[in-house]
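Reviewing the structure listed below.
In what follows, chains are A, B, ... by sequence order, proteins preceding strands, each numbered from 1.
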Amino acid sequence: MSIDLIVSGEPRAVESGTTAGQVLGDDRSVLVARVNGELRDLDHRVAPGDVIEPVRAEDPEGLAVLRHSTAHVLAQAVQDLFPEAKLGIGPPVKDGFYYDFQVAEPFHPEDLTRIEKRMLEILKSGQRFHRRVVTEGEAHKELATEPFKIELIGKKGGNSDEIMETGGSELTVYDNIDRKGAVCWSDLCRGPHVPSTKYIPSNAVKLMRTAAVYWLSDENNEQLQRIYGTAWPHKDGLKAYLHFLEEAARRDHRKLGTELDLFSFPEEIGSGLAVFHPKGGIVRTVMEDYSRQRHLAAGYEFVNTPHVTKAALFEKSGHLDWYAEGMYPPMDMDHAQYYLKPMNCPMHNLIYSARGRSYRELPLRLFEFGTVYRYEKSGVVQGLTRARGFTQDDAHIYCTREQMPAELDSLLTFVLDLLKDYGLTDFYLELSTRDPEKSIGTEQEWDEATQILFEAAKAQDLELVMDEGGAAFYGPKISVQAKDAIGRTWQMSTIQVDFQLPQRFDLEYQGPDGTRERPIMIHRALFGSIERFFAVLLEHYAGAFPAWLAPVTVVGIPVADQHIGHLQGVVDLLRSQGVRAEVDTSADRMPKKIRNAQKQKVPFMLIAGDDDIAKEAVSFRYRNGEQRNGIPIADAVAEIVAAVAEKRQV
RNA sequence: GCCGCCUUAGCUCAGUCGGUCAGAGCGACGCACUCGUAAUGCGUAGGUCCCGAGUUCGAUUCUCGGAGGCGGCUCCA
């Protein structure tokens, strides 16, 4: 009997009992089939009217299947070598997969080598993945020695991306069957899987690292040991991924910070607290100064506030209710408790309420580079991106309800414009909404604020991603996510609408008709934190800052000592135009000076010898090694001054 | 905070199965060389081998505790 199907958009008739794999033909690049929109194993038997398409490892969903199947191979290898290991979950994730195990001893780095070796044996042995439907009773019996799997059966659960064991319409077990037809391993899993381990390229699989994790991500549960691995359709994919990791390591701001003498984290000061050295300090100053200039032009006013305050202020703001564990513990002084500030907003509110405000003053935009201290847990502190003390480019805008949409719209434009000047160009927006468990205020206020933010985000013509329940306790937020030079995304600016703090601080302004009205607050930080933004730029540029940001923009390199005077004259000219330039007068020979400047990633090297002096000229060497000899001094200065003024990368 | 790994000179890293084991390169400093596009040569200085306690005749090495770092988990207002 034949049945009718649609295969890759074309009608086709096949014998009943045919599998999806047979329908799609003898094509080893096909891993699974999409049948009526659902992913199925290739040995799935097709039914009349099915719409069938091939799914390959190049498709995101196919790649996930490949990685999920590799996770099964990992689990089999681990149980081969560690028979007592109990299985947790093992889903595909970005760039790879993991599998969680309960073992008596955490895995050691050497264990990974052994496990990987065993995995390769399994891959080469060509085991088939075979799906088998089981009843709940059968599953309980079969998985009696796997307590975590049993727990999952009880939970059933939805179609989660993380828990792949259950969630289908029926309970299924996948058996791994060797060439002799014997079942050598089984796992509760909703699938689908590649047809056999031969479909997983053994030269494109690698175990990466181990980690302790909490069962079902709950820190009250027991800890399991997770093994992370990566798998790709081809060897080249693995190579490219490993290269990406190397590139990221090369750009690591902690490494560059030391190499370029920008900042450090003295142990004596404490974890997560950075000091900026002169080279880093000048970069930071230039970053801040440009920001100040732009803020002035955009109608902001500058304020300054202290770093510590009595507890009452944070009681009033709600921080001590909602955020106490993120704050440094209090200091007792003069019968009062003082706290280091984790946020600037309460202080700015006090400036607002220092005197009566008129509607004519709104929007009032108070800006500060405000240093805050947050007690980050010891395990999360990480370089400049996650510090315990950092400086926010923080502003609070006080406006009327009517002004809010226009204010948010111009604010978003301002943010994106400014970030572009620092060299970031690829953005998307994220809208974080209320977490009912962790928030104050009425539903109506939240809805209104969220809606207005949504409208403002929409107006930007950028991708908008929703982050449900990700907001701070006092209001919804838009964050600007920027992609860096190697495609990583970083959260940059945050913009939050807040109806709550104005109430808590009883902020008011006098309206045109003489009534007292409550303003709305917009919290916003564009860099997020200066330290973090500094780190992002450092990694984005791999240390090679554009001319305007580079700690030293120009180094003059004399061919011999007698050429120093000539270069000093050129450097003086540059300095008089605000360019950070210096002459290398060290005892090193000229090629060594070039090497040093190159390693310091200096944008312009100006070299001068007898030839240049004779022509009243200098010779350029650029970061990419190119050179232009005998450039008249005035032209050279003009070129450099222009590169700085235009914020150009060179 | 939890788990694993790590901490030797300013930096990058050797090394000691407990006993001249304190080493290299770079950097710094000094001397000579006066030099045309990524390292001139020679020499000198520099370390409580992260900190504390314990075991031992003897600890940088072993054990325990602490600090700091790295990778994850959780967290990131």
Separation of [N] [atom2] from [X] [atom1] (nearest whole Å):
X: Met343(A); N: rC76(B); atom1: CE; atom2: P; value: 12 Å
X: Glu105(A); N: rC3(B); atom1: CD; atom2: P; value: 14 Å
X: Asp100(A); N: rU74(B); atom1: CG; atom2: P; value: 10 Å
X: Lys593(A); N: rG36(B); atom1: NZ; atom2: C1'; value: 13 Å

Would you say [X] reaches [N]'s phosphate, i.e. side-chain N/O to OP1/OP2 under 4.0 Å?
X: Arg532(A); N: rC76(B); value: no
X: His108(A); N: rG4(B); value: no
X: Thr210(A); N: rG4(B); value: no
X: Arg254(A); N: rC70(B); value: yes

Can a cation-pi geometry be assigned to Arg388(A) and Tyr373(A), taking NZ or CZ under 6.0 Å from the six-membered ring centre and within 45° of the ring axis?
-> no

Look at the side chain of [X] and decide which nucleotide, out of [options], has an atom nearest to it.
X: Lys377(A); options: rG1(B), rC3(B), rG69(B); answer: rG1(B)
X: Ile607(A); options: rG4(B), rG36(B), rA39(B); answer: rG36(B)
X: Ser217(A); options: rC3(B), rU37(B), rU74(B); answer: rU74(B)
X: Arg386(A); options: rC76(B), rG69(B), rU37(B); answer: rC76(B)
X: Arg589(A); options: rC5(B), rC73(B), rU40(B); answer: rU40(B)
X: Val380(A); options: rG36(B), rA38(B), rG1(B); answer: rG1(B)
X: Glu267(A); options: rU37(B), rC70(B), rA67(B); answer: rA67(B)

Do [X] and [Y] meet the criterion of a side-chain donor-acceptor pair at a distance under 3.5 Å?
X: Gln496(A); Y: Asp498(A); result: no
X: Asp100(A); Y: Trp215(A); result: no
X: His277(A); Y: Ser264(A); result: yes

Suppose we call a contact any N or O donor and acceptor under 3.5 Å apart; does that hold for the side chain of [X] and the base of [N]?
X: Ser619(A); N: rG36(B); result: yes
X: Arg209(A); N: rC5(B); result: no
X: Tyr214(A); N: rG72(B); result: no
X: Asp612(A); N: rG36(B); result: yes

Test: Lys86(A) and Glu222(A) ion pair at under 4.0 Å | no

Is it true that Arg251(A) and Glu247(A) make a salt bridge, defined as a side-chain N closer than 4.0 Å to a carboxylate O?
-> yes

Base, sugar-phosphate, or nothing: which does [X] touch, judged by heavy atoms less than 4.0 Å apart?
X: Asp218(A); result: nothing
X: Lys477(A); result: sugar-phosphate
X: Gln382(A); result: sugar-phosphate
X: Glu259(A); result: nothing
X: Asp588(A); result: nothing
X: Ser378(A); result: base
X: Tyr474(A); result: sugar-phosphate

Pick the [atom1] atom in [N] and in [M], then give their distance to the nearest Å.
N: rC6(B); M: rG66(B); atom1: C1'; answer: 16 Å
N: rC49(B); M: rA22(B); atom1: C1'; answer: 8 Å
N: rG47(B); M: rG1(B); atom1: P; answer: 33 Å
N: rU12(B); M: rA59(B); atom1: P; answer: 29 Å

Taking for Gln223(A) and for Tyr228(A) the nucleotide of RNA chain B with the nearest heavy atom, the one nearer the 5' end belongs to Gln223(A)

Using the closest heavy atom to pick a nucleotide of RNA chain B for each, name whichever of Lys592(A) or Phe390(A) lands nearer the 5' end.
-> Lys592(A)

